[in-house]
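Take a look at the structure set out below.
The chain is numbered in sequence order, starting from 1. Because the structure is predicted, anything quoted here is derived from the model rather than measured.
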Amino acid sequence: VDGRLLCSTEDPYTIFCFVPRNRCADILAPSPYYTHVYGFAEFEGKIYFAGYTGAPLFEYDPCNPWNYQPSRPGLRVPLPEDRQANPRLVARMPRMRRAYDVVVGANSRLYLPCSAEMTGQFASGGGLGWYDPETGQVGLVREGFEFHRGHAIAAACDGRYMVVAT
């Protein structure tokens with residue numbers, strides 16, 4: 001965005017902007033719910049990021065102030081699920097534990113390779129999650145991932161295909 005890079009640290013889980021031109025970094029805040037952020041994608045002026053735990057997908061509007069802050073006495077901030085939150089939690093991939101990346105497809109959906117929960121019938125493998133920003137729909141392709149977690153992803157043929165490494 002405007003030559004700035006949106007970045008995430010490992011520990012503590014902090015989101016910051018880096019401006020390569022002047023080599024400056026501005027800390028925005030801890031990632032919402034202290035999410036371990038693994039991947040970012042830009043789509044229609046918004047930045048989407050995904051990670052662990054619970055395979056969340058957040059939408060950040062860089063044209064508006066980042067307003068997520070950790071809870072403190074006397075400080076009222078919106079929860080990440082609230083409409084006025086920036087960044088805002090827009091989805092969780094069903095039954096998945098981690099989302100390792102996010103890529104935009106030609107159909108304007110966002111795709112996320114995921115690993116499964118640790119318990120229940122979905123204890124092994126993973127899936128390919130998707131989110132439609134226009135409708136808010138969320139889905140998961142489980143077939144083919146029953147014993148393999150999705151880890152890396154790339155769009156191919158102008159985004160008409162998603163290539164997933166397990």
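- Remark: the backbone N or O of Gln84 is not paired with any side-chain donor or acceptor of Asp82 at under 3.5 angstrom.
- Linking ILVMFWY residues whenever their side-chain heavy atoms come closer than 4.5 Å, directly or via other members, leaves Met162 and Val104 in distinct clusters.
- Under the 4.5 Å side-chain contact rule for hydrophobic residues, Leu112 and Val164 do not share a cluster.
- Within the 3.5 Å criterion, the main-chain N or O of Thr53 finds a donor-acceptor partner in the side chain of Arg92.
- Within the 4.5 Å cutoff, the side chain of Arg109 has heavy atoms near those of the Tyr111 side chain.
- Asn86 places a side-chain N or O within donor-acceptor distance of the main-chain N or O of Asn64, the cut-off being under 3.5 Å.
- Between the side chains of Tyr60 and Arg88, no donor-acceptor pair is found at a separation under 3.5 Å.
- Side chains of Pro80 and Tyr33 form a contact here, defined as non-hydrogen atoms less than 4.5 Å apart.
- Gly39 and Asp101 make their closest contact through CA-OD1, 3.7 Å (heavy atoms, listed as atom of the first residue, atom of the second, distance).
- Follow the hydrophobic side-chain contacts under 4.5 Å out from Leu57 and you never reach Tyr100; the two are in separate clusters.
- Note that CZ of Phe18 is 7.5 Å distant from SG of Cys7, once rounded to the nearest 0.5 Å.
- The two residues Gly45 and Asp61 make their nearest non-hydrogen contact at O-OD1, 4.5 Å.
- Judged by distance alone, the side chain of Thr166 and the main-chain N or O of Arg149 form no donor-acceptor pair under 3.5 Å.
- Val102 and Met96 fall within a single hydrophobic cluster, where Ile, Leu, Val, Met, Phe, Trp and Tyr are joined by side-chain heavy atoms under 4.5 Å apart, directly or via other members.
- Counting heavy atoms of neighbouring residues, nucleotides and ligands inside a 6.0 Å radius, atom CG of Asn107 exceeds 12 of them.
- Contact annotation: the side chain of Pro62 approaches that of Ile47 to within less than 4.5 Å [non-hydrogen atoms, C-beta and beyond].
- Pro87 has its side chain within reach of Trp66: a pair of non-hydrogen atoms, C-beta onward, lies under 4.5 Å apart.
- Under the 3.5 Å distance criterion, the side-chain polar atoms of Ser124 are matched with a main-chain donor or acceptor of Glu146.
- Using a 4.5 Å cut-off on side-chain heavy atoms (C-beta onward), Leu89 and Pro32 make no contact.
- The closest donor-acceptor contact from the side chain of Gln137 to the backbone of Thr135 lies at 3.5 Å or more, if one exists at all.
- Nearest approach of Ser108 to Phe43, heavy atoms of both residues: CB-CZ, 3.6 Å.
- Side-chain atoms of Arg142 come within 3.5 Å of backbone atoms of Gly126 as a donor-acceptor pair (strictly under, hydrogens ignored).
- Here Cys114 contributes atom SG and Arg95 contributes atom CZ; the two are 11.0 Å apart, rounded to the nearest 0.5 Å.
- In this structure, Cys24 SG and Arg4 CZ are separated by 12.5 Å, a value rounded to the nearest 0.5 Å.
- Crowding of Glu134 atom CD: a count of heavy atoms from other residues, nucleotides or ligands under 6.0 Å not exceeding 12.
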Kindly determine whether Cys17 and Leu28 satisfy side-chain contact (heavy atoms from CB on, under 4.5 Å), including the steps that lead there.
CA-CA 7 Å; Cys17 281; Leu28 295 172; 4.0 Å; yes
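- A 4.5 Å side-chain heavy-atom check between Tyr131 and Val90 finds at least one atom pair inside the cut-off.
- The hydrophobic cluster containing Tyr38 does not contain Ile153, counting ILVMFWY residues as joined when their side-chain heavy atoms lie under 4.5 angstrom apart, directly or transitively.
- Counting heavy atoms from C-beta on, the side chains of Ile15 and Pro30 never come closer than 4.5 Å.
- Not one N or O on the side chain of Glu10 forms a donor-acceptor pair closer than 3.5 Å with the backbone of Tyr13.
- Under a cut-off of 6.0 angstrom, the local environment of CG in Leu79 is crowded, with over 12 non-hydrogen atoms contributed by other residues, nucleotides or ligands.
- Although no hydrogens or angles enter the test, the distance criterion places no donor-acceptor pair under 3.5 Å between the side chain of Trp130 and the main chain of Asp132.
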Given Tyr52 and Ser115, is the side-chain contact (heavy atoms from CB on, under 4.5 Å) satisfied, shown in steps?
CA-CA 10 Å; Tyr52 167 79; Ser115 65; over 6 Å; no
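- A distance of 8.5 Å separates CG of Leu140 from CE of Met93, quoted to the nearest 0.5 Å.
- Aromatic rings of Phe58 and Phe49 (six-membered ring for Trp) have centroids within the 6.0 Å cut-off, being under it.
- Atoms CG and CD, on Leu128 and Glu143 in that order, are 12.0 Å from each other to the nearest 0.5 Å.
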